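Only one structure is covered here, and it is reproduced in the block below.
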Amino acid sequence: FVVAILACCLAIAFSFFSFDADKKENYIQTQEVKAKTPEMVSDLETATLESLPSVIEKYKELNDEAAKKQKEDQIQKDILDTYLQDLKNLDENTFEGYKAKFPERSASLFAKCNDKQKYIDGFNGVNSYKDLDGYAEKINEEYNEVKQNYLVERNYIKSANALINRADAINTTASAAKKAADLETFQSDLKSFGK
């Protein structure tokens, strides 16, 4: 118990006195990137002035690909959100009307959906309003998982782009001496963020 209290006191002291608050955002971004693509952080830590442009180009391309996939994931998330809201807005009086018009609604709602048939079959399996709650709960759980994954990926992409943008700003510095000094500071920060 005493050791745990001492460890907590040391952690609090470290956080107050040893951490540069101005670099907190950079630290968080670096940790997010390192968790998913540690090779990006490693490549930036070991880059030289000569190799920095190729490292930047490589990860800009990877970040662009991740951003394109993120847009596709957002469409799927938004479709599922709209479908879930449809289900939540149903009551005993509106259920039968929605069920009757579901083929038309599903054609427009799921036009760009990857799991179109899964959702159509799922709703078609709901025979009465009292069965709707269980089905809507399943859709809600699925939506929460999709949304969480989407948010994690969005934060990763923002962090990865911020890291590469800082490296790119160093790379485009006109003065060779300043470029070397900035790269050294950047790499020193990345290494210290890993500790």
Side-chain angles (χ1 to χ4, degrees), residues 11 15 21 23-44 56-168 193-194:
S15 67
K23 295 184 180 182
K24 180 180 177 185
E25 186 70 22
N26 295 344
Y27 169 78
I28 292 169
Q29 291 169 344
T30 302
Q31 294 307 313
E32 285 179 342
V33 172
K34 195 169 191 174
K36 185 165 181 180
T37 51
E39 62 276 5
M40 181 189 298
V41 176
S42 177
D43 286 352
L44 289 169
I56 292 168
E57 188 61 33
K58 173 185 175 181
Y59 289 107
K60 274 187 177 181
E61 288 176 13
L62 290 174
N63 291 349
D64 288 346
E65 289 172 21
K68 285 179 188 173
K69 184 180 180 318
Q70 176 77 11
K71 286 181 183 178
E72 293 170 14
D73 291 346
Q74 182 175 2
I75 291 170
Q76 301 307 307
K77 179 187 74 68
D78 292 345
I79 290 169
L80 198 53
D81 181 41
T82 303
Y83 181 45
L84 183 60
Q85 294 311 312
D86 278 5
L87 297 178
K88 286 181 176 180
N89 290 333
L90 294 177
D91 59 29
E92 289 184 48
N93 299 324
T94 58
F95 176 77
E96 291 302 327
Y98 185 83
K99 181 109 173 133
K101 293 183 180 181
F102 185 69
E104 296 167 21
R105 174 67 175 144
S106 64
S108 62
L109 178 62
F110 300 125
K112 294 182 180 180
C113 184
N114 295 340
D115 294 328
K116 175 180 183 173
Q117 200 58 47
K118 171 185 161 185
Y119 297 121
I120 292 172
D121 292 344
F123 187 76
N124 287 336
V126 177
N127 297 316
S128 66
Y129 178 72
K130 70 178 187 177
D131 299 333
L132 182 64
D133 281 343
Y135 178 69
E137 185 57 36
K138 268 180 30 181
I139 297 298
N140 189 45
E141 288 172 10
E142 187 174 337
Y143 171 72
N144 287 337
E145 184 179 336
V146 167
K147 182 179 178 183
Q148 183 63 33
N149 292 339
Y150 170 81
L151 293 173
V152 167
E153 186 66 15
R154 185 184 69 181
N155 287 341
Y156 163 76
I157 291 169
K158 286 169 76 174
S159 295
N161 282 332
L163 205 59
I164 293 303
N165 288 342
R166 282 197 299 277
D168 198 29
F193 293 158

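None of the values given here were measured: they were computed from a predicted structure. Throughout, numbering of the chain's residues begins at 1 and tracks the sequence.
- Remark: E153 engages K36 in a salt bridge, criterion side-chain N to carboxylate O under 4.0 Å.
- No side-chain heavy atom of Q70 sits less than 4.5 Å from a side-chain heavy atom of Q74.
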Hey, mind stepping through Q29 and R166 against side chain to side chain contact (heavy atoms under 4.5 Å, CB included) and telling me if it holds? CA-CA 11 Å; Q29 291 169 344; R166 282 197 299 277; 2.9 Å; yes
Kindly determine whether N124 and F102 satisfy side chain to side chain contact (heavy atoms under 4.5 Å, CB included), including the steps that lead there. CA-CA 9 Å; N124 287 336; F102 185 69; 3.8 Å; yes
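- In this structure, L163 and N26 have side chains that are not in contact, with every pair of non-hydrogen atoms separated by 4.5 Å or more.
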Steps toward side chain to side chain contact (heavy atoms under 4.5 Å, CB included) verdict (T82, L109): CA-CA 8 Å; T82 303; L109 178 62; 3.6 Å; yes
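- With rounding to the nearest 0.5 Å, the separation of CD in E141 from CG in L84 is 11.0 Å.
- Within 6.0 Å of atom CD in Q117, more than 12 heavy atoms from other residues, nucleotides or ligands are found, so the atom counts as buried in its surroundings.
- The shortest heavy-atom contact between L44 and I164 is CD1-CD1, 4.2 Å.
- Taking CD1 of I56 as the reference point, atom CG of D168 lies at 4.5 Å (rounded to 0.5 Å).
- Looking at heavy atoms from C-beta onward, N89 lies out of side-chain contact with T94 at the 4.5 angstrom threshold.
- Using modelled atom types, one finds a donor on one side chain and an acceptor on the other under 3.5 Å when comparing T37 with Y156.
- At least one side-chain heavy atom of K99 sits under 4.5 Å from a side-chain heavy atom of F123.
- E92 contributes atom CD, which lies 11.0 Å from atom CG of L132 (distance to the nearest 0.5 angstrom).
- Scanning for ring pair (Phe, Tyr, Trp, His ring centres under 6.0 Å) contacts around Y119 gives Y83, F110, with sequence neighbours left out.
- To the nearest 0.5 Å, atoms CG (D64) and CD1 (I157) are separated by 10.0 Å.
- Heavy atoms from other residues, nucleotides or ligands lying under 6.0 Å from CD of E145 number 12 at most.
- A salt bridge links K58 with D43: the closest approach of a Lys/Arg side-chain nitrogen to an acidic carboxylate oxygen falls below 4.0 angstrom.
- Sorted by first then second residue, the side chain to side chain donor-acceptor pair (under 3.5 Å) pairs that include residues 101-112, not counting sequence neighbours, are D86-R105.
- Checked by atom type and distance alone, the side chain of D81 never pairs as donor or acceptor with a backbone atom of K77 at under 3.5 Å.
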Would you please test D133 and E137 for side chain to side chain contact (heavy atoms under 4.5 Å, CB included) and show each step? CA-CA 6 Å; D133 281 343; E137 185 57 36; over 6 Å; no
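- For the atom pair NZ of K116 and CG of N114, the computed distance is 12.0 Å after rounding to the nearest 0.5 Å.
- For the pair S159 (side chain) and N155 (backbone), a donor-acceptor distance under 3.5 Å is present.
- D73 and K69 are joined by a salt bridge, as a carboxylate oxygen and a charged side-chain nitrogen come within less than 4.0 angstrom of each other.
- With rounding to the nearest 0.5 angstrom, the CD atom of Q85 is 10.5 Å from the CG atom of L80.
- Using a 4.5 Å heavy-atom cutoff, the side chains of E96 and Y129 are not in contact.
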